[in-house]
Each structure stands twice: as C-alpha cells, then as structure tokens.
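In the text below, chain A, chain B and the rest are named by the order of the sequence lines, each starting its count at 1. When reading the values below, keep in mind they use all heavy atoms of this one structure, side chains included, and skip hydrogens, waters and symmetry mates.
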Number of protein chains: 2
Amino acid sequence: MTPTEGPSPTGSDAGQAPQPGTGAEPVARGWAADDKATAAGGAVEDASGEDLPGGVRRGDTVAAVVRQWQAVHPGLDTGPMEIIGRINRCAALLQQAEDAPLRRAGLSRPEFDLLGALRRTGHELTPGDLARETFSSGAAVTKRLKQLTERGLVERRGDTRDRRVVHLRLTDAGRDLVDAILPVQLAYETAVLSGVDGPEQGELAALLGELLSQLEGRLGVLRA
Amino acid sequence: MTPTEGPSPTGSDAGQAPQPGTGAEPVARGWAADDKATAAGGAVEDASGEDLPGGVRRGDTVAAVVRQWQAVHPGLDTGPMEIIGRINRCAALLQQAEDAPLRRAGLSRPEFDLLGALRRTGHELTPGDLARETFSSGAAVTKRLKQLTERGLVERRGDTRDRRVVHLRLTDAGRDLVDAILPVQLAYETAVLSGVDGPEQGELAALLGELLSQLEGRLGVLRA
DNA sequence: AACAGGTGTTTTATCGGTAAAAGACATCTC
DNA sequence: GAGATGTCTTTTACCGATAAAACACCTGTT
C-alpha cells in the first residue's frame with residue numbers, strides 16, 4: 001500500500017468489473033465491486049436497503065448482512081460483525097480506491113510500501129528490516145527489491161562486517177518519487193474521507209487507535 | 001472471511017512467522033506479523049513507543065509511522081493516515097486472528113464466505129449471485145464451488161428454463177457446518193474485541209457504518 | 001581450529017486469484 | 001426463423017504471494 005495505508009488484499013487489487021463480458025452491475029450499485037468479501041461473508045443481496053425518497057443514503061451493506069443473519073438465527077450476538085465486518089469492508093474499498101494514484105506512478109501498493117519505509121525511517125534498512133516494517137514475507141521483499149533496484153529506485157550495499165547482510169537505501173530518483181506521490185496520495189485520501197465530518201473523523205481515528213493498540217498488544221496472546 | 005467479516009488480503013493469510021529459520025521476532029512484539037502492510041507503508045520501526053512504567057499500552061504502530069512522516073515532512077497533512085492506515089492495519093490483524101476458528105474446520109475464509117452467503121440468504125443462488133455477494137470474481141467462485149461440492153457441502157441444480165444457469169444451495173452437511181462454526185466465530189470475535197469498552201464499541205460501529213455508507217455510495221464516482 | 005547451531009537472504013514449489021477468452025445458451029431484431 | 005447480440009458460467013494463462021528449503025555466513029564452544 002501506499003506508504004500510507006494497509007494490507008494488500010488478494011494479491012492484485014483489481015477493482016474493475018467482476019467479469020469481462022458481463023455488463024452486470026454489482027448488486028449494490030455504482031462502484032465496481034470485486035475484491036475482498038464483506039463482513040458477514042459476502043455483500044448483501046439487495047435486501048435491506050431502498051433509498052429514501054430524497055436520494056438519501058440507506059444503511060451500509062454490513063447492516064443488511066447482519067439483518068439477514070438475525071432473520072436466520074434470531075438472538076445471535078452479531079455485535080462483532082458490525083465492527084469487524086465494517087473494518088474489513090472499508091479496508092477493501094479504500095485500498096481499491098487508493099491504488100489509483102499509485103498505479104498512475106507505475107507502482108503497486110506493496111512496492112510503495114517498501115519505498116515508504118525507507119523514506120520515513122531515513123536510514124538504510126536490511127531486507128529483514130523491510131519485511132518486518134511492511135509485514136510481508138522475506139521472499140516477497142526479495143522480489144520487490146529486485147524490481148525496484150532494476151528500476152533504479154533503490155540501491156543495495158553489502159555489509160562490510162557480515163557478508164550475509166545487505167543494506168538498502170533509496171536512490172535520488174526513489175526519494176523524489178516517494179516525495180512526489182505522497183502528497184497526491186494524501187490529498188486523494190482526504191477526498192475519499194470527505195463524506196465524514198471533521199470532528200467525527202477525529203473520533204473515528206481515536207477509537208480505531210484504541211482498538212489497534214489493543215489488537216497489537218493482545219492478539220499474540222489470544223491466538224490459540 | 002468468516003461469513004462474518006471481510007477481505008481476504010493477500011491470498012493466503014499466513015499469519016505465521018515471516019521466515020522459517022529466522023527466529024527473529026517481528027519488530028513490534030508478540031504477534032506473528034506477516035500479512036498486509038501497515039498504514040503509512042509498513043510498520044513502525046521501534047521508534048515512538050516505549051511502554052509506560054506501569055506496563056501500560058503505548059500508541060499503536062500507525063501513530064508511530066505518522067510521527068516518522070512528520071519528522072521527514074513537517075506539516076504534511078497526515079490526517080487520512082490515522083483513519084485509513086488504522087483501518088487497514090486492523091483489518092490485517094483481525095483477519096489473521098479470525099482465520100483460526102475457520103482453519104480448524106478446514107475452511108478458508110473465502111470458502112466460508114460463500115457458504116455463509118448461501119446460509120443467510122436462505123434461498124438458492126447462482127454463481128453470478130455468489131460472485132456479487134462475496135465481492136470476488138466469477139472465476140474464483142467457480143473454483144470454490146468445485147471444491148465445496150466435492151466436499152459435499154454444496155449442491156448444484158441446473159435451471160430448467162435457462163440451461164446456462166446453475167442454482168446452488170447448501171447440503172444438510174453444509175448448513176450444519178455453517179451453523180456450528182458461526183457461533184464459535186462470533187464468540188472468538190467478541191473476545192478479540194473485548195479490549196474495547198462496550199459503549200465505545202457502539203460508537204465505533206456507528207462511525208464505521210457512516211464511513212462505509214459514504215464509501216459504498218460514493219467511491220464509484222471518485223474512482224477516476 | 002573444527003564444528004554445531006543460529007541468523008540473513010535467496011531460491012523453489014505451489015497455491016489461489018484475477019483477466020481475458022471461450023463455450024453454451026437465450027433473446028431480440030429483421 | 002436465421003443471425004446478431006448479449007448473458008451466464010467455465011476454462012485458460014499468468015501473476016504474485018507464501019512456505020519451506022537451500023545457501024551463505026557468522027559465532028560460540030570445546
């Protein structure tokens with residue numbers, strides 16, 4: 001992802017219409033669906049939401065999925081779905097949208113992610129460092145580095161002490177590219193989020209920060 | 001994802017240690033990092049966060065990444081990162097954690113997603129319906145259906161009117177499997193979210209719902 | 001100094017996903 | 001009613017990511 005955001009769902013990000021010849025619109029409506037799945041295991045059918053007369057927004061797809069589950073299993077505690085499902089669905093839609101500026105620059109998200117890690121830390125990193133920074137496997141980092149060095153965005157330097165180790169840094173071109181893309185990326189994201197009021201954005205960021213802190217600190221323990 | 005949550009990041013979900021022989025711990029700490037990338041393009045180094053004396057939580061990794069960017073580009077509007085970055089990172093961690101119960105049942109997330117769609121809608125669906133419901137490509141659905149029918153979880157029935165069309169429904173075994181997994185899944189998710197207070201969970205769900213509604217309604221327009 | 005064991009990186013095999021094309025069929029128009 | 005057009009599903013080719021193995025090298029021990 002942009003050295004700004006997150007996960008790279010399912011490999012490619014697609015973001016186009018599901019099938020070629022299929023003129024069919026995704027059930028929901030305007031947006032080219034495609035990636036990830038929804039909250040409760042898929043999008044919603046159609047159920048739930050008729051637009052209000054004035055063209056006002058109806059509930060989101062996750063709410064509709066929850067309603068479907070409630071109809072099948074009344075009383076089921078679907079609370080977690082309303083958070084986790086929405087986070088996942090938002091992540092899917094956001095990534096798809098965010099990839100647009102990156103692709104214009106000829107970079108995939110994971111690639112930009114790697115470059116961003118080098119840029120923001122300010123110093124050289126080893127492949128292992130980059131794998132941890134970008135939460136990807138070492139093998140994936142090796143591949144990306146090969147492409148990025150070939151493109152002249154990253155430079156390698158062998159460690160003098162330990163010859164197993166490699167140090168990586170951005171070239172001038174790499175640094176310039178990141179610095180050029182980042183503001184565009186952030187502006188785009190600002191636009192994407194513009195539907196939510198400023199104060200609410202702050203609340204949302206704070207709550208997500210709290211959740212993330214909990215998850216980062218605790219998930220290792222829960223994983224059984 | 002469980003017919004409960006979201007995107008299936010990078011194909012497999014891994015969730016294990018980055019490299020085999022590497023005893024190295026992910027930089028952050030206990031949790032087996034691996035998937036997606038972080039907000040601003042990777043995790044945080046180490047910077048930012050020392051635990052407070054009492055063992056209290058420090059800021060999340062996204063906050064640290066934002067600080068790194070601010071150091072490099074002072075004044076940059078990193079607001080969007082604090083929301084989008086956290087959503088992506090939360091999604092990555094949650095999916096990883098959520099897969100545990102599913103894997104015990106021998107299902108991948110996309111598979112459970114598909115079964116869940118059949119279960120909650122209550123009626124038969126065509127492959128095209130399922131692709132839209134699960135936000136995946138038709139090809140992916142075809143593959144999954146093949147496996148799931150072979151396992152006896154799903155049944156196919158040709159349409160009598162239109163012989164191109166196939167109708168799918170859960171077998172008894174499929175329905176029982178979904179019904180057995182779902183509560184376990186939800187209980188697990190409840191545990192994962194338990195670090196956040198009840199009222200705050202409600203606020204979070206509401207804000208995410210608002211964001212998601214905006215994204216679902218608007219993203220198609222913005223995608224340029 | 002040889003060796004056992006551990007760490008950093010790369011390579012290989014494989015899996016799953018998408019895009020695009022192909023196949024099968026319905027429907028609409030003339 | 002024949003042909004053109006479009007829809008639904010499956011197949012094919014390819015790409016990217018992971019896991020596991022292979023390499024290369026350091027380091028501590030005897």
A.B. asks: Starting at atom CD of B/Glu124, determine the distance to atom C1' of D/dC8, rounded to an integer number of angstrom.
C.D. replies: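 These atoms are roughly 16 Å apart.
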A.B. asks: Okay, side chain of A/Asp176, backbone of A/Ala173: is any donor-acceptor separation there less than 3.5 Å?
C.D. replies: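 Not confirmed, A/Asp176 side chain does not pair with A/Ala173 backbone.
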A.B. asks: For DNA chain D, what residues of residues 148-162 of chain A have any heavy atom nearer than 4.0 Å?
C.D. replies: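 Of all residues in residues 148-162 of chain A, the ones placing a heavy atom under 4.0 Å from DNA chain D are A/Arg161, A/Asp162.
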A.B. asks: Rounded to whole angstroms, how far apart are CZ on A/Arg163 and C1' on C/dG6?
C.D. replies: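 Taking CZ of A/Arg163 and C1' of C/dG6, I get 18 Å after rounding.
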A.B. asks: Would you mind telling me which residue lines up with the more 5' stretch of DNA chain D, A/Arg164 or A/Gln147, judged by nearest nucleotide?
C.D. replies: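 Per heavy-atom nearest nucleotide, the more 5' residue is A/Gln147.
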A.B. asks: For the pair made of CZ in B/Arg103 and C1' in C/dC15, what is the distance, rounded to whole Å?
C.D. replies: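 Rounding to the nearest Å, CZ of B/Arg103 and C1' of C/dC15 are 15 Å apart.
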A.B. asks: In whole angstrom, what separates B/Asp129's CG from D/dT7's C1'?
C.D. replies: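 In whole Å, D/dT7 C1' and B/Asp129 CG are 13 Å from each other.
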A.B. asks: So, B/Arg120 side chain and A/Val72 main chain: donor-acceptor pair closer than 3.5 Å or not?
C.D. replies: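 Not at all, since once roles are kept as given, no pair shorter than 3.5 Å links the two residues.
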A.B. asks: Grab the NZ-C1' distance between B/Lys146 and C/dG17 for me, whole Å please.
C.D. replies: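 Roughly 15 Å, once rounded to whole Å.
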A.B. asks: NA contact type, A/Val141, heavy-atom cut-off 4.0 Å: base, sugar-phosphate, or nothing?
C.D. replies: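 Nothing, no heavy atom under 4.0 Å.
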A.B. asks: Between A/Ser108 and D/dG16, is there a side-chain N or O to OP1/OP2 distance below 4.0 Å?
C.D. replies: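 So the side chain of A/Ser108 is outside the cut-off, no N or O lying under 4.0 Å from OP1 or OP2 of D/dG16.
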A.B. asks: Between C/dT9, C/dG6, D/dT18, which one does the side chain of A/Val165 approach most closely?
C.D. replies: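 My answer, after comparing the listed nucleotides, is C/dT9.
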A.B. asks: Do A/Arg109 side-chain atoms and A/Gln95 backbone N/O form a donor-acceptor pair below 3.5 Å?
C.D. replies: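 Looks like yes, one N/O pair under 3.5 Å.
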A.B. asks: Nearest whole Å is fine: how far is D/dC8 P from B/Leu125 CG?
C.D. replies: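 Computing the B/Leu125:CG to D/dC8:P distance gives 14 Å.
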A.B. asks: Of A/His167 and B/Arg144, whose closest DNA chain C nucleotide lies nearer the 5' terminus?
C.D. replies: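 Mapping each residue to its closest nucleotide by heavy atoms, the 5'-most match is A/His167.
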A.B. asks: Side chain of A/Thr142, heavy atoms from C-beta onward: which of D/dT9, C/dG8, C/dT10 has the nearest atom to it?
C.D. replies: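 Between D/dT9, C/dG8, C/dT10, the one nearest the side chain of A/Thr142 would be C/dT10.
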A.B. asks: Counting distance only, does the side-chain N/O of A/Glu189 pair as donor-acceptor with the main-chain N or O of B/Ile84 below 3.5 Å?
C.D. replies: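 Between the backbone of B/Ile84 and the side chain of A/Glu189 there is no qualifying donor-acceptor contact (under 3.5 Å).
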A.B. asks: With no hydrogens and no angle check, just 3.5 Å: does a side-chain donor-acceptor pair link A/Ser136 and A/Arg144?
C.D. replies: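 Their side chains do contain a donor-acceptor pair, which is all the 3.5 Å distance test asks for.
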A.B. asks: In whole angstrom, what separates A/Leu114's CG from D/dG16's P?
C.D. replies: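 In whole Å, D/dG16 P lies 15 Å from A/Leu114 CG.
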A.B. asks: Can you tell me if B/Thr149 uses its side chain to pair, donor with acceptor, with the backbone of B/Glu155 under 3.5 Å?
C.D. replies: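 No: the side chain of B/Thr149 does not pair with the backbone of B/Glu155.
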A.B. asks: Could you check whether the side chain of A/Lys143 and the base of D/dG16 have a donor-acceptor pair of N or O atoms closer than 3.5 Å, going by distance alone?
C.D. replies: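 For A/Lys143, whose side chain was compared with the base of D/dG16, there is no donor-acceptor pair (under 3.5 Å).
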A.B. asks: Can a side chain N or O of A/Thr126 be found less than 4.0 Å away from OP1 or OP2 on C/dT9?
C.D. replies: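 So the side-chain polar atoms of A/Thr126 do come within 4.0 Å of the phosphate oxygens OP1 or OP2 of C/dT9, strictly under.
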A.B. asks: Nearest to the side chain of B/Pro110, which nucleotide is it out of C/dG17, D/dT10, D/dT7?
C.D. replies: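 Selected nucleotide: C/dG17.
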A.B. asks: Ignoring the backbone of A/Ala139, work out which of C/dT11, C/dT9, C/dC25 is nearest its side chain.
C.D. replies: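 The listed nucleotide nearest to A/Ala139's side chain is C/dT11.
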A.B. asks: Which one of B/Leu114, B/Val165, B/Leu145 satisfies the side chain to side chain contact (heavy atoms under 4.5 Å, CB included) criterion with B/Pro127?
C.D. replies: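 Considering B/Leu114, B/Val165, B/Leu145, a side chain to side chain contact (heavy atoms under 4.5 Å, CB included) with B/Pro127 is found only for B/Leu145.
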